Every structure is written in structure tokens, then in C-alpha cells.
Amino acid sequence: MIANVIVDVPAQQIDRTFDYEIPPRFEQVVQPGVRVAVPFGPRKVQGFVVSLSETSQFDRLKPISDVFDIKPVLTSELLELGDWLSVTTLCFKVTALQAMLPAALRAKYEKTLSLSDSIDKETLSPEVRQLFSRQNVVRWDELQKSAHEQLLKDIQRHIKNHQIVVNEHVGSKATMKKVRVVEKAVSDETLKETLENWGNTAKKQREVLEYVFHYSEVIVVSELVRICETSSSVVKALVDKGLLHEKVVEQKRDPFEGRSFGQTEPMALTSEQQQVMTSILRDVQKETHRTFLLRGVTGSGKTEVYLQAIEAVLQKGKEAIVLVPEISLTPQMVTRFKERFGSDVAVLHSGLSQGEKFDEWRKIRDQEVNVAVGARSAIFAPFTRLGMVIIDEEHETSYKQEEMPRYHARDVAIARGKYHKCPVVLGSATPSLESYARAQKGVYESLEMAERVNNIAMPSVHIVDMREELRSGNRSMFSNDLIEGMKTRIERGEQTVLFLNRRGYSTFVMCRDCGHVVQCPHCDISLTYHRSTGSLDCHYCGYRERVPNTCPSCESEAIRFFGSGTQKVEEALNDVLPEARVIRMDVDTTKRKGAHEKLLNAFGRGDGDILLGTQMIAKGLDFPNVTLVGILAADTMLHLPDFRATERTFQLLTQVSGRAGRHEKEGEVVVQTYDPEHYSIQLMQNHDFVSFFQREMLTRKRGQYPPYMFLTVITVSDTELMKVAQTTDRIAQFLKERLQEPSVVLGPVASPIPRINDRYRHQCVIKYKHEPKLTSFLQDILSMYQTEMTRTDLTITIDQNPYMMM
DNA sequence: AGCACGCCGACT
DNA sequence: GTCGGCGTGCTC
């Protein structure tokens with residue numbers, strides 16, 4: 001048998017399988033989906049076995065040098081999916097495969113040097129001899145950092161003369177957590193006898209021993225020590241006496257260790273919820289694939305529908321994946337799933353350590369759980385009997401990966417749904433125009449929940465024109481309505497959520513005299529002011545400088561920072577409502593692990609009157625005592641140079657206002673804006689998604705944007721501006737010659753951020769309706785420039801259906 | 001990617 | 001004459 005291997009070398013020429021001989025000792029374990037180490041040219045690399053074959057067109061095959069997995073890490077379905085991903089997103093096959101696995105499984109390369117066995121040490125250069133006098137093995141990467149040029153040259157020479165040998169280790173970063181456990185080492189009779197003859201000494205040992213025999217088969221040593229309030233030496237003494245047996249076992253980390261979750265029962269469904277369930281479950285029963293778009297207003301009980309639908313899937317002995325945007329993967333959300341399904345759920349999100357993620361992933365692969373809840377990449381959960389995929393907050397842009405492979409989780413979900421013949425449910429109060437348009441066309445099945453659970457009214461929305469406020473003399477960032485509203489809540493013992501929309505509103509520094517804005521010297525973008533460090537940072541390249549005292553351009557001293565951070569709002573809030581207890585949630589206050597949860601819990605307990613925050617408080621939060629939501633600057637992102645800006649504004653405002661009055665108490669929303677007539681703000685006031693959809697579709701049609709047309713953006717970058725311009729030009733020309741009406745190639749133009757990290761960036765945008773050969777043209781472009789891309793600084797990135805047009 | 005091979009100039 | 005510069009091509 002021959003193994004067909006995709007090696008871990010991301011390069012165009014290598015993007016295919018290579019054949020390797022399977023040595024007899026590996027015959028049992030080598031199968032599609034396992035990771036191996038293989039010799040590749042002069043070095044050793046990691047690879048994925050993707051298939052086996054009887055023959056090879058090569059006659060001199062090298063043998064596989066190592067096998068990392070006993071169980072495959074990728075199922076045959078995922079291997080196939082990897083191929084599809086690499087084709088549709090134009091990435092390397094390895095990159096696609098890697099993206100489906102937890103980071104812990106990515107290859108770790110280590111190069112070490114050691115002296116060859118039979119050498120005369122006297123022939124070594126003195127420096128090298130000294131290096132090896134202290135240690136037998138020297139790590140290459142450390143040497144590279146510390147050693148001087150001469151030493152490195154000497155070493156190179158010694159390597160050539162075979163005096164020093166290079167050892168390459170290809171390993172896996174994955175670490176299994178090991179724990180010490182003890183168990184009974186003698187029979188119950190022997191124990192009885194022992195205890196009878198115990199005597200008056202070593203009381204602690206006796207206690208520990210009794211505990212083990214009474215309460216457990218096997219117990220983790222640290223647990224035992226904690227329970228019996230003793231030290232490990234006591235346990236050790238018992239082990240030494242032969243009464244307990246100690247061993248080391250591998251343990252899967254549990255991120256929820258030490259936390260207990262209550263059990264919740266399915267709630268009675270409303271008739272709307274019931275109808276939705278019936279439609280979805282019909283497909284679960286029939287084992288057919290369809291994609292459902294579930295539009296349910298905020299508070300209509302979508303989560304309960306998900307939970308019960310999953311329940312039905314589990315009953316059928318199948319598995320379910322639930323995707324939730326990272327930002328709303330809140331403890332509240334996780335808890336709801338844990339409470340219903342207990343230890344049958346694996347949770348995958350960015351807050352976990354690499355090891356924890358790996359263990360959650362293993363629970364899925366080892367079929368210990370049947371439900372996976374997680375952010376974007378959880379769509380690759382290695383289930384084999386997938387019965388349903390749910391994507392909550394379907395419209396969220398975070399479902400699109402902005403690095404290679406540039407996939408959209410929705411597309412992957414549908415691909416998996418087709419493979420497993422199971423339904424995919426896209427849920428949102430404000431679906432993306434793309435999805436809603438597809439539902440209208442009948443590509444997706446439309447499902448609707450228009451009423452809130454228990455017939456609670458939608459919150460009433462007041463729009464405040466901030467220009468009016470200013471004219472009437474209110475120069476603060478809070479309108480009178482909002483201040484009054486907050487005061488009333490405090491009096492009534494109710495709570496307020498204050499939302500600050502910071503996108504497109506970052507805090508930049510500008511000179512009031514000449515209008516000069518401080519920019520990054522490498523990136524053509526305004527620097528962002530960070531109060532905590534007192535610095536101006538570029539969030540593209542990390543460049544940092546101190547805030548200047550005078551304008552670098554005109555030397556005026558009237559240089560100030562603009563824009564509003566949450567800290568600034570908090571201060572202002574202290575001025576107008578000194579009695580209010582404010583809980584601030586932003587990147588700064590939630591950096592520490594668990595801080596997010598702590599703050600929310602505090603607010604939930606009523607330890608704060610006002611919860612002030614950015615995007616992270618927009619979704620999924622459900623606090624019964626919140627009756628007022630204030631949106632401080634509703635229109636800040638409305639005028640971003642992005643055709644989706646209006647859609648995003650509508651979605652965000654609707655999401656945020658949905659935090660108010662979710663239970664018995666009536667909710668109110670105050671929206672502060674400088675553009676009250678804008679249709680996205682007008683229509684969100686009446687919670688009128690359908691009208692918004694129709695209105696926005698007109699705009700998209702006029703501009704020939706999605707969902708009317710598809711987009712692909714090609715970005716070319718290099719340190720030399722001339723090369724960038726020329727290359728982009730040629731690419732645009734190439735495409736113009738090949739594409740058919742009504743496709744258009746826009747540009748080339750400089751990218752919205754024309755320079756990042758001293759690399760110039762040009763782009764061209766392709767708009768098309770039907771262009772079946774586009775992917776192959778794009779592939780041609782990459783092939784045309786592959787040599788130049790490996791040999792020079794040139795890079796070309798292609799993003800099909802982009803979300804960030806930067 | 002990363003490394004060897006190989007063909008030209010500066011030097012012990 | 002050799003050492004080392006980087007352009008070219010290959011990796012089962």
C-alpha cells in the first residue's frame with residue numbers, strides 16, 4: 001500500500017499529494033486522515049494522509065518516518081470538504097486541512113544539532129567545542145537568536161564535514177493533560193484486617209484510606225488531598241505501604257470544571273415556535289437537507305427552538321452543531337446549552353487555552369458529546385452522524401474568515417448539510433440581505449416568528465435628534481430624554497444598558513488649527529489614541545508613538561483627540577448622574593480571563609444601575625430588569641465606505657434595542673442620532689425589517705451590489721509601488737479580456753488603506769452574476785505570478801464574497 | 001517554503 | 001585556483 005500525502009508546505013507547486021511507502025510497522029495505523037512525518041527533499045515535514053493507493057507512478061518512494069495519530073484527525077467527509085474549500089477559496093490544500101483542526105494539532109518543527117559519534121573534538125573550532133562542552137544537544141532556533149555570524153559559519157562548515165549532525169523533529173504540539181490517581185490496591189478483607197490492627201498513629205492515613213475504600217474506585221490525588229484536608233505525603237505513605245495503587249492517567253481538561261449547571265426542562269412552545277419546529281423536524285425525520293432561514297424578532301424565543309430541535313436530533317442518535325458569533329458566545333449563552341444537555345456539549349471559543357480547545361475537540365471526535373457549540377471554526381466539528389447545523393445571528397460578519405482560507409461558515413454549513421442530508425437552520429432577527437433574498441427566491445425555506453414570547457410588546461423607540469439638542473444648548477453626549485430615562489430607572493430600581501457604537505469612530509488625534517490628523521508612518525491610516533498607555537497605536541502594524549504636545553504639521557498646541565471611548569462616556573456619566581453605579585464593559589475591562597462573566601454576573605445581581613459597553617453587549621444578553629436601552633451614537637457607522645454600512649447599522653440598532661423589556665416590564669429605547677431621517681433609523685423604530693429589506697434592496701440594485709451581483713476582490717501588495725500598479729493593471733486586463741457581460745472589473749485602484757507596513761496595496765473588484773470559469777481564471781492568475789510571489793515580496797490575495805473591502 | 005545545485009566575480 | 005554570491009529548479 002502507498003500513502004498519498006499532502007505535506008505541510010504552503011506553496012503552489014507543492015499543492016498536491018506526494019506518494020510514500022508505508023513501512024510494515026505502520027501498516028495498521030496509516031489510514032486516510034492521520035498525520036504523519038515524511039522526508040521531503042532534504043528535510044522532514046508533517047503531512048496528512050488523504051488516501052491510500054495500490055500503485056504509484058514513481059518507483060523510488062521514500063518511507064513515512066512517523067505516524068502521529070492512532071485515530072484519524074480528519075474524517076473522510078472532512079478530507080473531501082478540505083478539497084472543496086481549497087478550490088472555492090483558492091487556498092492551498094494544507095491550509096484548508098489545518099483550518100479544520102484545533103491549533104494544538106498543528107505541526108511543531110524542532111531542529112537540533114549534536115556532535116557526530118566518531119569525531120575528533122580537536123578538529124572543531126574552539127567556540128563550537130565550548131558550545132558543546134555544556135550540552136550534547138543544541139537547539140537550532142535558540143542558536144540562531146543568540147549566536148554570532150562567525151559561530152554560525154563554523155557550524156555550517158562542521159555540518160558539511162559531517163562533524164555535526166542535524167536532527168529534525170517533527171512533532172505535534174498537542175499535549176494530553178496527565179493526572180495522578182490512586183485506587184485500592186488490596187481486597188476489602190485485607191483492608192478490614194489492616195484497619196483493625198491500625199493502632200493510634202497515622203490518623204490521617206487511616207482517614208484517607210477509608211475514604212478511598214468507601215467512596216471511590218479511582219480518585220485524582222489532588223482531589224483526595226483537598227477532600228481529606230491533608231497533604232500528598234500522606235497519600236504517598238499509603239502507596240508505599242502497598243495499600244493504594246498509584247497511576248498516571250490522561251485527563252481531558254474541562255473548562256467548566258468545578259461549576260455545576262442546573263438542569264432545565266424544555267419550555268412549552270408558542271404556536272409560532274411549534275410551527276417552526278414542525279417544519280425543521282420534518283426534515284430531521286426524513287433525513288433530507290434543506291436550508292431554513294428563521295427570522296424571529298428579538299425575544300421570540302429562537303434559542304428555545306434550537307434547544308428543542310437539537311433534543312429531537314439527539315433522540316435520533318444524531319449530532320448537532322450550533323454556531324454563535326464569538327462576541328455573543330457569552331457565559332449566559334453557554335449556560336443555556338449546558339443546562340439542557342449537560343456533559344453532552346462541547347464548547348469551542350477563543351477564551352479557551354489551546355489545550356482546552358484541543359480537549360473539547362477530542363470529546364467530539366471520540367464521540368463523547370453529541371452537541372458542539374462554538375464560533376466560526378466549530379463548523380468543522382468532526383461529527384460523523386451530523387443531524388443538524390444551526391447558525392445563530394446568521395447575519396454576523398464574523399462568520400466570514402478574513403484569513404486563508406477565506407471561507408464563510410454558512411457555505412460550509414450548507415455543504416455539510418448536503419453531505420449528511422440534514423437541515424441547516426439560519427436564525428436571526430435581522431437576516432443578511434443575501435440570505436433573506438435567497439429565502440424570497442425559494443432557495444432557502446422561510447420560517448418566521450413575529451411575536452415575542454408571552455406576548456410581550458416590542459420596546460418603544462424614541463429617536464432623538466442630537467442636532468436639536470445642541471441647538472437647545474445641550475452640549476453633553478447625553479440627550480435630556482436619555483438622562484431623564486436613566487434617572488427614572490434608578491428611582492424605580494430598574495436597569496439601563498448604554499451602547500456606544502465605536503466602529504468608524506475610533507479615537508484619533510487631530511489638530512484643531514490645521515486639521516492635521518496623526519497617521520502611521522508605515523500604513524496610511526490614522527493612529528488610534530489609547531488612554532491606558534497614553535500612546536497612539538497603529539492597529540494594522542503595531543507602530544506606537546507618544547501623543548505629541550504640538551501639531552507635527554503646524555506646531556499649534558491645539559492638538560486634541562477626537563472620538564469617544566467608553567472611559568470618556570463613563571466620566572461624563574459620573575458628572576450628570578453621580579449616584580449611578582456604572583459597570584463598564586470594553587476591551588480593557590474584559591481582558592482578564594473570566595472578567596467578562598464576572599461583570600455580567602454583577603450586573604445581573606443588580607450591582608450596577610447602568611451597563612455601559614460596545615459591541616460586546618449588543619447580543620444575547622437577557623436581563624429581566626433592563627427596561628431602558630440608550631444608543632449613544634446610532635449613525636457613526638452609517639457613512640463608512642462600505643456598501644453594507646446601512647445594513648449593519650440597522651442590524652446593530654435592532655439587536656441592541658432587543659435588550660430592553662424582555663420580560664414583564666415594558667422596554668424603552670432611546671436612539672441618539674445626527675441623521676434621524678435616515679431610513680435605517682426610521683425603520684428600526686418600527687421594528688420593520690421587511691420594509692428595510694425592500695428599501696435596501698433598491699440601493700443594492702442601483703449600485704449593482706450583492707445580493708444582485710457577486711463580488712471578488714483581488715489585492716496586490718508589494719514594497720514597490722510601481723510593481724503593485726503594473727501587476728494589478730495586468731491582472732485587471734487579463735480578466736477584462738475573459739469575462740462576459742454583465743460582469744465588470746472595477747479598478748485597478750489603490751486599496752482603501754493604500755499602505756500597510758510599508759507595503760503598497762492596489763486592488764481590483766470583480767462584479768459578476770454568472771461566471772462559471774471565474775475560479776479557474778483566478779487560479780490562472782495565481783499560477784502566472786507564483787514564481788514572482790515566491791521569489792519576491794509580491795503577494796496577491798483573492799477574496800471571493802468579501803466582507804471587509806479593505 | 002527551503003534547500004541544493006550551479007554558474008559567475010573577488011579573494012587567500 | 002577557491003570561496004561564496006544568488007538565480008533556478010525540485011521535493012514522492
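Quantities reported herein were computed from a predicted structural model and do not represent experimental measurements.
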Would you say that more than 12 heavy atoms from the other residues, nucleotides or ligands in this model lie under 6.0 Å from the NZ of K773(A), or not? no

Over how many whole Å does the gap from [X] atom [atom1] to [N] atom [atom2] extend?
X       : N       : atom1 : atom2 : value
D19(A)  : dT11(C) : CG    : C1'   : 13 Å
I6(A)   : dT11(C) : CD1   : C1'   : 14 Å
Q13(A)  : dC10(C) : CD    : P     : 10 Å
M404(A) : dA1(B)  : CE    : P     : 12 Å
M789(A) : dA1(B)  : CE    : C1'   : 13 Å
Q57(A)  : dT11(C) : CD    : P     : 12 Å
F58(A)  : dC10(C) : CZ    : C1'   : 11 Å
F92(A)  : dT11(C) : CZ    : C1'   : 15 Å

Quiz item: R791(A) side-chain donor-acceptor pair to dA1(B) base, under 3.5 Å: no

Classify [X] by what it touches in the nucleic acid, base, sugar-phosphate, or nothing, heavy-atom distance under 4.0 Å.
X       : result
K111(A) : sugar-phosphate
I14(A)  : base
Y20(A)  : sugar-phosphate

Under 6.0 Å between ring centres: does that hold for H408(A) and Y803(A)? yes

Are the aromatic rings of F380(A) and Y407(A) close, with centres under 6.0 Å apart? yes

Describe, in one word, how the ring planes of F734(A) and F777(A) are oriented to each other, choosing from parallel (under 30°), tilted (30 to 60°) and perpendicular (over 60°). perpendicular

Closest of dC3(B), dT11(C), dA1(B) to the V9(A) side chain is dA1(B)

